[in-house]
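Residue numbers start from 1 in every chain, and the chains themselves are labelled A, B, ... in the order their sequence lines are given, proteins ahead of strands. All values below come from the heavy atoms of this structure, side chains included, with hydrogens, waters and symmetry mates left out.
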Amino acid sequence: MRLELQKITKQFPGVLANDRISISVDKGQVLGLLGENGAGKTTLMNILSGLYRPDSGKILIDGKERIFRDPAQAIDAGIGMVHQHFMLVPVFDVTESVVLGNEPTKGPLGSFDRATARAQVVELSKKHGLHVDPDAKIESLPVGVRQRVEILKALYRKSDILVLDEPSAVLTPQETEELFEIIRGLAKGGTSVIFITHKLNEVIAVADKITVLRRGAVAGETTPKKATAAKLAEMMVGREVQLTVSRSKSKVAEPILQVKGLNVLNDAGGLAVNSATFEVRSGEILAVAGVQGNGQTELVEALTGLRLVDSGTVVLEKKPLHAGSPREIAMAGVAHIPEDRNRDGMVKGMTIAENYILNTYHLPQYSKNGLLNRKAIAAATEQAVKDFDVRTPSINTDIASLSGGNQQKVIVAREFSRNVRLVIAAQPTRGLDVGSIEYIHRRIVEQRDAGAAVLIVSTELDEVLALGDRVAVMYEGRIVGILDAKEATRERVGLLMGGITK
Amino acid sequence: MTNKKKPVAAARAKTITTAPAKRSTPVGDGADAQQQLVASRVRAGLFALFTLLSLAITNGSAGVEGKFAFWVDKIGGTDVSFSVPVVLLWVAVTAGFGAMAALQFVRGASFRWRLAIGLISPFLVFALLARLLDGTTANLTVFFTSTLLYTVPVGIGALAGIVSERSGILNISVEGKLLFGAMIGSIASSITGIAIAGPIAGAIFGALVSLFFAWLGIRYKVDQIIAGTVINIGALGVTTFAYLRILQPYSEFNRPIGITPIQIPFLSDIPVLGPILFSLSPFFYIAVGLVLFFTYMIYRTRWGLRLRAAGEQPNAAGTVGIDVVKLRYRAMLIAGLLAGFAGSYISLSGTGGFGINTSAGQGFIALAAVIFGAWNPVYAFGAALIFGMTSAATTLLSGLGVTIPPQILLSMPYIVTIIVVAGLIGRVRAPASAGRPYDQG
Ligand SMILES: Nc1ncnc2c1ncn2[C@@H]1O[C@H](COP(=O)(O)OP(=O)(O)OP(=O)(O)O)[C@@H](O)[C@H]1O
Ligand SMILES: [Mg+2]
């Protein structure tokens, strides 16, 4: 089916999220949709899937105008949506999740016909090569598999138009490659696909056509053949973007963080970090590479006091920290940019200012005798918002209403607001657009140059290679190698990430 | 650092080799395993404490005889009596708690403590009863029937709580609906002179109250705890006022046609068991039927699947085209019907119709049963049975003029609930979105 969106406009209080956006996608075509954080991509897709009503504009399917009052009508029209944040019930199993909303039933009470549902799911997953266990609980599945469940949901509803909103943000490189195979297969079968991402090489790899949004409006259209990553970045941000941060040679000095024989358990009680020993010195960035789930999460949680250390020592400038509380660790000069910013980085529903003082509110400059000093907090936040170029109507805006990139800037601003000796940044640019990535990377390098030690954990090889003065690779809970930037080639790091140490 | 020698080494090796590349930490599960371990230790400790306590009671019970009687054919007919040494009962209870403490300690998180508590509670209540009776004869037929009858309003009320909370609406207004159901049921039955008009009117009125509550919570996103509290307080005020101003002066409005017990053919003739199980108020059999029906509906039907989805992740339901708002209104309608029906039982089964605050907190006990029963109708009914037993024991003791304050027993449901809710002894997993308004945008 051919889909056309004509002059879609959507106004949120204070934000014109979509400003007369027109895009189209043909049968069997893959449209790559690019745009900065907050450019309005998700809003546009939510309008397409019936979650929001546009203020004006038309949705045409095969030339006929359609109006979607709710998601059910969009689904009936053949639109399948894989949302940026998964829409799955954690306690359901795969079969239930896939068929929810269109369940096969039998009998007068509408009994759920599990056997039929399960058979349909099995058949569908075979047909499209989407391997999932139909009986597995969603909460026990890794994100890559959850994604497949989301795609199965759309296929089960016989979607002719499949929308994938940043499907690769949380996937491993292999999972992303598998996803591309699925997308290509679907397109060949006649499904139209709209693929949203921040990763420029991904659109170039998989799209037939690329549309770029900027500040709620279409900034341009192109094809992968004509486009280069640099050109796309410029179209998105409206200026030239440095895709890799430039940095001088580091002036490495004394060790700041020393980790010896660190063992950390995962939630299941298994050994997630296995006798990790390393140090990070003043003025250097140690980048930890590795496929998601090889103990990096637990390592960071242990270093920041969010997870108990099973055994081993963590020393920050001679001060033992392995038994410290998160506050003690933070006050000792550790800045933490958490992996999951929605869960560990901010409190949604609180303002930017409140989030800004989240771990310093108890200091005398912000509170006395248990009373907050609103004036001082506002002044400090105003300054931070200016320094870090946070795009927001005001510092009293709910942080939840900011775009991902701006939320991350608030977190980075907060963490860098203290005297920083060690920066621990986990997936600092996940889900961010190229402009924000450039910005955050620059800030991190600034900290290094100011003499802090920096530990970056990332599953993005590009990020690791761009930032690391040294690169450590984690595999199955062990640090299987630490390379100097010179030796750290894509190939060597890639092999180590796969556990091949030779 | 010597982790290889630790007993968990095998488990560790396993978790590490099973495709770690594909493993991720499910959101919100951080430190969960640790918490569970702590909780199971706390449970083991509690059980050990109970073992010691009951050992102490065992010591103090030497020589006390527990004297009991049963009606063989019907209440007030021929009876048989027997006696057991109270010590024996307490030895059994002590052994039970001892076994629970040991098993809990050894098996950790996999020990089915909820079931164990469910099994030992009747014995505990019974042994306490025997000890408190201190030689006075107690009729167990009366004790057991009143246990089952006390269970009715709590069990159905719990069902109301489960249906609404499974849909995502935190329903603390069960108590208020019980009260309204009781009053309206009594009035309707008195005016019409038709027995069945009482429960029907009670149910309908409960539904209206429930829809009002849902409207506040869904349409205006009023905090559901506050809205529920308002309804509970309002119900007490309104019914008390109506009682004093209308039902008392014009008592013909409060003389309902009682709903009398039924004798189930053949089964009610079974000696001893017949009078206990098969000669009860029809409300009891309806309650059991409702519990089974809703268990099936919640876990086995499309309606149930959608209900649970709406209560866990309303967005997941909404984006596949399920009308979450409508679904929640319907769930509240059902919950209201159930609670109002349960309320009518209170005024229609006894004598004397409606009185001030006749529900006497049973709606709150119902919520305790919901939590203790982990939002499962059958388990919640089991919890209601245990709570019913404590009420029956209290009634029995005060009827016999036993001097030890029966409040000790009466407060048990609340104490158990506080312990469960505090998450000290284990996690109860409420529907993830219960109490949170749904916003589609
Ligand atoms: N429900 C809402 N209420 C108010 N403002 C909103 C709402 N949803 C989005 N916005 C605002 O609309 C703008 C567009 O947001 P949208 O989520 O569509 O961006 P996006 O392009 O998907 O960004 P990202 O790449 O970060 O996902 C942002 O400024 C955002 O803050
Ligand atoms: Mg988005």
Legend entry - Shortest non-hydrogen separation from Pro71(A) to Gly318(B) and the atoms involved: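 Shortest heavy-atom contact: CG-O, 3.3 Å.
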Legend entry - Minimum heavy-atom distance Tyr296(B)-Ser111(A), with the two atoms named: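 So the minimum-distance heavy-atom pair works out to OH-OG, 2.6 Å.
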Legend entry - Partner of Gln313(B) under side-chain contact (heavy atoms from CB on, under 4.5 Å), chosen from Leu100(A), Val91(A), Val89(A):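 Exactly one option meets the side-chain contact (heavy atoms from CB on, under 4.5 Å) with Gln313(B), and it is Val89(A).
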Side chain / backbone / both / neither for [X] at chain B, heavy atoms under 4.5 Å:
X: Arg157(A); answer: side chain
X: Leu109(A); answer: both
X: Lys106(A); answer: neither
X: Ser49(A); answer: neither
X: His83(A); answer: side chain

Inset, instruction - Heavy-atom pairs under 4.5 Å with chain B are the metric here; pick the option from Met497(A), Glu96(A), Gln73(A), Lys153(A) that has the most. - result: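 Most heavy-atom pairs within the cutoff with chain B belong to Glu96(A).
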Inset, instruction - Count the heavy atoms of every other residue, nucleotide or ligand shown that sit under 6.0 Å from NZ of Lys326(B), and state whether that count exceeds 12. - result: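 Counting other residues, nucleotides and ligands, NZ of Lys326(B) stays at 12 neighbours or fewer.
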Inset, instruction - Evaluate whether atom OH of Tyr329(B) has more than 12 neighbouring non-hydrogen atoms of other residues, nucleotides or ligands under 6.0 angstrom away. - result: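 Yes.
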Inset, instruction - Hey, could you give me the CE/OG1 distance between Met87(A) and Thr319(B), rounded to the nearest 0.5 Å? - result: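 Result: 5.0 Å between the selected atoms.
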Inset, instruction - Measure the spacing between CD1 of Ile322(B) and CD1 of Ile75(A) and express it to the nearest 0.5 Å. - result: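 Going from CD1 on Ile322(B) over to CD1 on Ile75(A), the span is 9.0 Å.
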Legend entry - Per-residue contacts, residues 299-307 of chain B versus chain A, heavy atoms under 4.5 Å: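 Contacts with chain A: Arg300(B), Thr301(B), Arg302(B), Leu305(B), Arg306(B).
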Inset, instruction - Kindly write out the residues that satisfy ring-ring contact (aromatic ring centres under 6.0 Å, His included) with Tyr285(B), not counting sequence neighbours, or none if the list is empty. - result: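 So Tyr285(B) forms no ring-ring contact (aromatic ring centres under 6.0 Å, His included) with any residue.
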